[in-house]
Amino acid sequence: QVQLVESGGGLVQAGGSLRLSCAASGRTFSSYAMGWFRQAPGKEREFVAAIRWSGGITYYTNSVKGRFTISRDNAKNTVYLQMNSLKPEDTAVYYCSVASRAYSDYNIRREGEYAYWGQGTQVNVSS
């Protein structure tokens with residue numbers, strides 16, 4: 001059974017940093033793109049970042065470019081999201097996800113391309 005477990009969320013002041021981790025189990029995900037999404041209170045879930053299955057190319061939503069970095073360690077079946085210069089508007093529940101198709105990086109900014117989701121980790125940024 002596939003399972004994704006996020007960790008690393010918490011409360012931080014504006015300008016601070018957090019590193020989210022997502023450990024995957026149940027299968028090897030080195031052949032799958034992985035992503036991070038977030039959902040703020042009263043809003044729909046939105047794309048944050050994605051990394052190709054090959055690991056070489058990453059994608060970010062405009063609001064986090066230059067502040068967030070997604071990376072993966074295939075040996076550990078883990079994806080990370082390093083978040084720096086955090087802002088109050090980054091407050092949300094963050095979810096990691098694994099793409100549904102192996103060896104495919106098609107439309108990995110789209111929620112519909114992902115088959116597996118973690119339970120989410122809360123990030124609160126105070127002003």
Side-chain angles (χ1 to χ4, degrees):
Q1 183 177 354
V2 174
Q3 190 172 19
L4 303 177
V5 179
E6 300 102 334
S7 61
L11 174 63
V12 64
Q13 287 188 330
S17 298
L18 285 173
R19 189 194 195 204
L20 305 184
S21 299
C22 173
S25 61
R27 83 164 23 160
T28 299
F29 289 104
S30 58
S31 304
Y32 294 82
M34 300 184 77
W36 286 94
F37 290 74
R38 67 186 179 187
Q39 187 168 20
K43 295 186 177 181
E44 293 186 350
R45 190 157 58 184
E46 65 172 355
F47 169 76
V48 176
I51 185 166
R52 288 190 174 188
W53 69 269
S54 59
I57 295 179
T58 57
Y59 304 89
Y60 300 93
T61 191
N62 286 339
S63 62
V64 308
K65 283 182 180 177
R67 300 188 298 121
F68 290 12
T69 303
I70 186 172
S71 60
R72 64 190 299 163
D73 184 338
N74 288 334
K76 296 182 178 179
N77 236 17
T78 299
V79 64
Y80 304 97
L81 186 67
Q82 177 67 43
M83 306 186 296
N84 299 329
S85 302
L86 281 161
K87 304 176 180 180
E89 50 263 44
D90 294 319
T91 294
V93 177
Y94 284 72
Y95 299 89
C96 72
S97 54
V98 178
S100 57
R101 292 178 289 181
Y103 305 110
S104 173
D105 299 312
Y106 181 70
N107 269 350
I108 57 174
R109 300 172 193 260
R110 291 183 64 247
E111 189 172 334
E113 293 300 314
Y114 293 86
Y116 304 103
W117 296 85
Q119 82 289 348
T121 185
Q122 179 71 49
V123 171
N124 290 307
V125 184
S126 63
S127 57

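Side chains of Phe29 and Asn74 form no contact here, defined as non-hydrogen atoms less than 4.5 Å apart. For the pair Glu111 and Phe47, the minimum side-chain heavy-atom distance is 4.5 Å or more. Side-chain atoms of Val93 and Thr121, non-hydrogen and from C-beta on, never get closer than 4.5 Å to each other. Counting only heavy atoms from C-beta outward, the side chains of Met34 and Arg72 approach each other to under 4.5 Å. Within the 4.5 Å cutoff, the side chain of Arg27 has heavy atoms near those of the Tyr116 side chain. The side-chain heavy atoms of Trp36 and Ile51, taken from C-beta on, include no pair separated by under 4.5 Å.
Note that the OG atom of Ser127 and the CD atom of Gln13 stand 9.0 Å from one another [nearest 0.5 Å]. Rounding to the nearest 0.5 Å gives a distance of 12.0 Å between CD1 of Ile70 and CE of Met83. Atoms OG1 and CZ, from Thr58 and Phe68 in turn, are 13.5 Å apart once rounded to the nearest 0.5 Å. In this structure, OG on Ser25 lies 4.5 Å from CD on Gln3, to the nearest 0.5 angstrom. Between atom CD of residue Gln122 and atom CD of residue Glu6 there is a gap of 12.0 Å, rounded to the nearest 0.5 Å. In this structure, the separation between CG on Asp73 and OG on Ser30 is 11.0 Å, given to the nearest 0.5 Å.
Taking the centre and axis of the six-membered ring of Tyr95, the NZ or CZ atom of Arg45 falls inside the cone set by 45° and 6.0 Å.
Inspection of the Arg109 and Tyr59 side chains reveals no N or O donor paired with an N or O acceptor under 3.5 Å. Side chains of Ser17 and Asn84: a donor on one and an acceptor on the other come within 3.5 Å. Between the side chains of Ser71 and Tyr80, no donor N or O sits under 3.5 Å from an acceptor N or O.
Residues Ala33 and Ser104 share a closest heavy-atom pair of CB-O, 4.0 Å. Of all heavy-atom pairs between Val79 and Cys96, the closest is CG1-CB, 4.3 Å. Of all the heavy atoms in Ala49 and Tyr60, the pair that sits closest is CB-CD2, 3.6 Å. Contact record, Leu4 with Ala24: CD2-CB, 3.3 Å, taken as the closest heavy-atom pair. The two residues Ser63 and Arg38 come nearest to each other via the heavy atoms OG-NH2, 3.4 Å. Minimum interatomic distance between Tyr114 and Ser97 (heavy atoms only, all atoms of both residues): CD2-OG, 3.2 Å.
Linking Ile, Leu, Val, Met, Phe, Trp and Tyr residues whenever their side-chain heavy atoms come within less than 4.5 Å leaves Ile108 and Val2 in two separate clusters.
Shown are Thr91, Asn124, Val123, Leu18; of these, the side-chain contact (heavy atoms from CB on, under 4.5 Å) with Leu11 is made only by Asn124.
Under the 6.0 Å cut-off for aromatic ring centres, Trp117 and Phe37 qualify, their centroids lying closer than that.
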Check the pair Leu81, Val48 against side-chain contact (heavy atoms from CB on, under 4.5 Å), reporting the backbone distance first and the verdict last.
-> CA-CA 10 Å; Leu81 186 67; Val48 176; 4.2 Å; yes
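The backbone N or O of Glu113 sits less than 3.5 Å from a side-chain atom of Ser100, completing a donor-acceptor pair.
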